[in-house]
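The basis for the numbers below is simple: all heavy atoms, side chains too, and nothing from hydrogens, waters or symmetry mates. Sequential numbering from 1 along the given sequence is applied to the chain's residues.
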Amino acid sequence: MKIKSTQQAVIDSQADQIIIGHFKGQTENQWIDQLGSDVKDQFAARLSNKDFTGQAGQTQNIYNPNGQVITVLGLGKADKLTATALYENTHQVIQAAAKSRSQTVANYLAMCDSKNIDAEQAIKLVTLASAHAEYRYEDTKSYKKDNKHSLKEMELAVDDTQKEAFKHAKAMAAGVSAARHLGNYPPNVCNPKYIASYATKIAEKNRNCEINVLNHKQMKKMGMGALLAVGQGSANKPKMVVLKYNGADKDQAPIALVGKGITFDTGGISLKPGPNMDEMKYDMCGAATVIGGFVAAVELGLPINLMTFVPAVENMPDGKAYRPGDVITSYSGKTIEVLNTDAEGRMILCDTLTYSQEFKPSVVLDFATLTGACVVALGHQASAVMTKTDGLFDDLKTAGLQSHDRVWELPLWDEYQKQIDTTFADMQNIGGFPAGTITAGCFLSRFTDGQKWAHIDIAGTAWNNKKDGATGRPVAMLVQYLINESQK
């Protein structure tokens with residue numbers, strides 16, 4: 001679906017479907033008033049008969065003499081409208097429109113005058129919700145029936161204060177779409193080689209971009225023992241994908257993004273249970289996040305330097321697979337006792353974090369579907385952030401609130417570190433129960449001494465279920481963070 005902005009009056013819209021909002025208790029509606037007496041009389045009758053009250057999520061369709069569908073979406077009371085409600089209600093009405101015969105839609109929901117949501121956030125919420133709702137995964141279907149009535153174009157009404165926000169939101173939506181594409185692809189297709197190829201195409205078609213892909217032989221020569229240990233049981237050899245965007249002066253330190261790219265995770269020798277193992281294709285959603293963020297940053301032409309590191313690895317059981325009890329030497333030289341081969345994400349991240357710091361970044365952010373314990377702690381509402389850098393969580397929290405892609409902080413206190421101490425190596429790769437998410441963060445913190453760094457665990461936010469698939473979160477938060485940093 002093509003998304004574009006418009007400042008066209010509602011009466012002049014030629015779209016098949018026009019979507020407007022209405023608050024509960026509101027007696028008049030400026031958009032309805034502009035659509036002529038026929039539409040105005042129909043809507044007045046609906047209000048009078050209480051067929052439509054403006055309750056949040058309620059919809060009412062009216063047809064004008066031109067055959068256009070006027071969809072009125074209830075937004076509840078004006079002083080009670082929240083960002084979550086605007087996002088969810090927009091998602092609902094666009095999802096319904098995508099299943100209808102409408103080919104083009106004019107969306108005026110971001111123009112509603114809410115007391116709780118400013119104009120910039122409103123356009124981001126409506127844009128992101130609309131793009132998310134219209135998304136279809138059909139790449140591996142032989143009969144693409146869902147496209148029969150899918151939307152071709154959407155115009156979002158904006159005013160002068162929302163133009164820049166729309167530009168940002170449109171780029172965020174492109175990044176989210178890229179992340180969902182990668183997350184939803186089946187693991188027999190989306191393997192390390194595929195991710196390297198996908199990233200290469202991004203670099204080749206955009207100015208100011210470069211790419212470097214390290215193969216397993218190069219990484220072995222460099223000494224990336226932790227990363228290679230995870231991949232040694234798979235026929236699909238690991239890749240280290242490094243995407244670079246040069247949007248600022250060469251002497252400006254880059255922002256480094258690291259994304260966990262386990263393209264499929266069986267758990268290795270510590271084999272996962274069979275039920276729901278298919279969802280472990282989503283274990284590369286950290287990689288999808290940073291690639292999606294890269295796509296958006298390039299589309300916006302942000303005045304920053306950006307480096308995106310993706311360790312793409314498949315974790316499989318095999319005669320060559322690494323074992324519980326093994327002691328592995330990481331790229332940093334620190335040794336790791338393996339107690340569980342299903343704690344593989346931190347193994348590939350520790351080598352990548354060490355490597356990323358060789359490029360002297362101003363900040364390193366890593367994103368990973370790292371721990372099931374994170375889902376227990378925060379559910380599916382917020383991504384977890386762990387950092388020892390003063391002010392960095394606040395920057396990420398602000399970006400999350402601006403984009404409605406929220407995060408929450410968990411501590412990295414020194415008291416937790418003792419859970420990953422061991423007699424046989426510098427550290428062990430799990431901390432056991434309790435605080436599994438935090439001890440995973442503690443493990444990574446041992447490879448980021450002196451570096452401005454944050455770890456973001458997205459295990460609860462990166463995908464929903466088999467039906468909905470990858471969500472594309474937290475790409476919007478990441479892009480908003482990059483935008484904010486570019487404006488400093």
Side-chain angles (χ1 to χ4, degrees), residues 135-142 146 179-192 194-195 229-236 238 259-289 311-325 338-349 367-384 429-440 457-474:
Y135 171 87
R136 296 285 187 278
Y137 177 82
E138 296 182 327
D139 296 61
T140 49
K141 294 181 179 180
S142 61
D146 288 348
R180 296 185 79 184
H181 164 83
L182 286 168
N184 286 330
Y185 246 48
N188 61 315
V189 177
C190 188
N191 55 29
Y194 178 87
I195 289 182
V230 176
Q232 67 191 32
S234 173
N236 292 307
K260 174 186 171 184
I262 297 292
T263 59
F264 192 74
D265 183 22
T266 65
I269 297 297
S270 305
L271 193 68
K272 291 178 179 291
N276 298 321
M277 193 194 285
D278 59 290
E279 294 187 17
M280 287 302 97
K281 71 177 185 176
Y282 298 117
D283 214 15
M284 45 67 65
C285 281
T289 294
V313 185
E314 188 175 59
N315 186 24
M316 300 289 283
D318 181 80
K320 297 179 180 179
Y322 79 135
R323 299 157 292 238
V338 177
L339 296 188
N340 191 323
T341 63
D342 195 24
E344 83 301 325
R346 66 202 72 182
M347 299 288 287
I348 69 169
L349 287 174
F367 295 81
T369 51
L370 207 62
T371 64
C374 187
V375 186
V376 176
L378 297 177
H380 301 287
Q381 306 307 316
S383 302
N429 77 330
I430 58 171
F433 182 84
T437 300
I438 294 171
T439 54
D457 193 327
I458 63 173
T461 55
W463 82 92
N464 278 336
N465 49 51
K466 291 180 177 66
K467 180 180 178 181
D468 297 332
T471 64
R473 293 184 63 192

Going by heavy atoms in the side chains, are K272 and T266 under 4.5 Å from each other?
no
From N429 CG over to E344 CD, what is the distance, rounded to the nearest 0.5 angstrom?
9.5 Å
Look at the side chain of H380 and the backbone N and O of G460, then say whether any donor-acceptor pair between them is shorter than 3.5 Å.
yes
I need the single residue from I348, N191, T263, I195 that forms a side-chain contact (heavy atoms from CB on, under 4.5 Å) with V313. Which is it?
I348
With distance as the sole criterion, is a donor-acceptor pair present between the side chains of T369 and D283 under 3.5 Å?
yes
Tell me, do V230 and Y322 make a side-chain contact under 4.5 Å, heavy atoms counted?
yes
Is there a donor-acceptor contact under 3.5 Å from the side chain of T341 to the main chain of S270?
yes
Could you give the distance from CE (M316) to CG (L271), rounded to the nearest 0.5 Å?
9.5 Å
By side-chain hydrogen bond (donor to acceptor under 3.5 Å, both in side chains) - contacts of R473 (at least two apart)
D405
Heavy-atom pair with the smallest gap, counting every atom of C285 and A462:
CB-CB, 3.5 Å
Determine, stepwise, if the pair V189 / D139 fulfils side-chain contact (heavy atoms from CB on, under 4.5 Å).
CA-CA 11 Å; V189 177; D139 296 61; over 6 Å; no
Looking at residues at least two apart in the chain, or sitting in another chain, which of them share a side chain to side chain contact (heavy atoms under 4.5 Å, CB included) with D468?
N464, N465
If every non-hydrogen atom of P238 is compared with every non-hydrogen atom of G231, which pair is closest and at what distance?
CG-CA, 4.1 Å
Step by step, work out the side-chain contact (heavy atoms from CB on, under 4.5 Å) result for I458 and T289.
CA-CA 10 Å; I458 63 173; T289 294; 3.6 Å; yes
Sub-4.5 Å side-chain heavy-atom contact between I430 and R346
yes
Search all heavy atoms of A470 against all heavy atoms of G183 and return the closest pair with its distance.
CB-CA, 4.1 Å
Could you state the interatomic distance from NZ (K281) to CD (E279), rounded to the nearest 0.5 Å?
9.0 Å
Name the orientation class of the two ring planes belonging to Y185 and Y137 (parallel below 30°, tilted from 30 to 60°, perpendicular beyond 60°).
perpendicular
Heavy-atom closest contact (L349 atom, A368 atom, distance)
CD1-CB, 3.7 Å
Pairwise distance CD(E314) to CD1(I262) - rounded to 0.5 angstrom
9.0 Å
To the nearest 0.5 Å, how far apart are CG in L378 and CD in Q381?
9.5 Å
Are more than 12 heavy atoms, taken from residues, nucleotides or ligands other than K320, located less than 6.0 Å from that residue's NZ atom?
no
Kindly indicate whether the side chain of N184, heavy atoms from C-beta on, has any atom under 4.5 Å from the side chain of W463.
no
Minimal non-hydrogen separation, A373 against T437, with atom names
C-OG1, 3.2 Å
Going by side-chain hydrogen bond (donor to acceptor under 3.5 Å, both in side chains), name the residues that satisfy it together with T471, two or more places apart in sequence or in a different chain.
none
Measure across S234 and N236 and return the closest heavy-atom pair with its distance rounded to 0.1 Å.
OG-N, 2.9 Å
Hey, mind stepping through F264 and N188 against side-chain contact (heavy atoms from CB on, under 4.5 Å) and telling me if it holds?
CA-CA 9 Å; F264 192 74; N188 61 315; over 6 Å; no
Verify, without hydrogens or angle tests, whether D457 (side chain) and T371 (backbone) share a donor-acceptor contact under 3.5 angstrom.
yes
